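Predicted model, so just to flag it, every value in this text is computed and none were measured.
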Amino acid sequence: MLKLTLLQQMLIVSIAMSTITCTFVQKTKKYLPCSSCLSFYSLVINMFFGIVFCKTFTKISFPESLWIGLFSFLGADTIYKSLEGKLASYKNLIDKQIIEVKKENLIRTGSED
């Protein structure tokens, strides 16, 4: 049976980690001797950060941390570009006093007319 909850948790951790590893690779790629080894360098960084990140911040096992590193490697660039500049800061979320709900998401009860 597929462990969907575990897979979902692993993907969430890899999304968080991929932004960190993608930024790290972008900042350090100028030190590589050749541009053709960038993919291998990125894979190594993602696997290393996957192990360290998971052991530090989660209770995920070693084999699962390798999967998270692989997920991060496969989707790091796409996830990073899709999230870049679109995340609200924590202060903006806390300071917001109004909650917006779409009209179609309202729950109607029988007593309202």
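Phe73 and Ser42 make their closest contact through CD1-OG, 3.7 Å (heavy atoms, listed as atom of the first residue, atom of the second, distance). Of all heavy-atom pairs between Ile68 and Met17, the closest is O-CE, 4.0 Å.
A distance of 8.0 Å separates CD1 in Ile20 from CZ in Phe49, rounded to the nearest 0.5 Å. Separation of atoms CD1 (Ile45) and CG (Leu38) is listed at 10.5 Å; rounding is to 0.5 Å. Between the CZ atom of Phe48 and the OG1 atom of Thr21 there is a distance of 12.5 Å, given to the nearest 0.5 Å.
Hydrophobic cluster membership of Ile12, counting Ile, Leu, Val, Met, Phe, Trp and Tyr whose side-chain heavy atoms lie under 4.5 Å apart directly or via other members: none, as it forms a cluster of its own. Other residues sharing the hydrophobic cluster of Val44, ordered by chain and number and joined by side-chain separations under 4.5 Å: Phe40.
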Please tabulate, for the side chains in residues 52-61, all donor-acceptor contacts under 3.5 angstrom to protein atoms that are two or more places apart in sequence or on a different chain.
unit_1: Lys55; atom_1: NZ; unit_2: Ile60; atom_2: O; d: 3.4
unit_1: Thr56; atom_1: OG1; unit_2: Val52; atom_2: O; d: 2.7
unit_1: Thr58; atom_1: OG1; unit_2: Cys54; atom_2: O; d: 2.6
unit_1: Thr58; atom_1: OG1; unit_2: Ile60; atom_2: N; d: 3.4
unit_1: Ser61; atom_1: OG; unit_2: Glu64; atom_2: OE1; d: 3.4

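Linking ILVMFWY residues whenever their side-chain heavy atoms come closer than 4.5 Å, directly or via other members, places Phe62 and Met47 in the same cluster.
At least one donor-acceptor pair closer than 3.5 Å links the side chain of Ser18 to the backbone N or O of Ser14. Of the possible donor and acceptor atoms, none in the side chain of Ser72 sits under 3.5 Å from a partner among the backbone N and O of Gly69.
In this structure, the side chains of Ile15 and Phe71 stay at 4.5 Å or more apart for every pair of heavy atoms.
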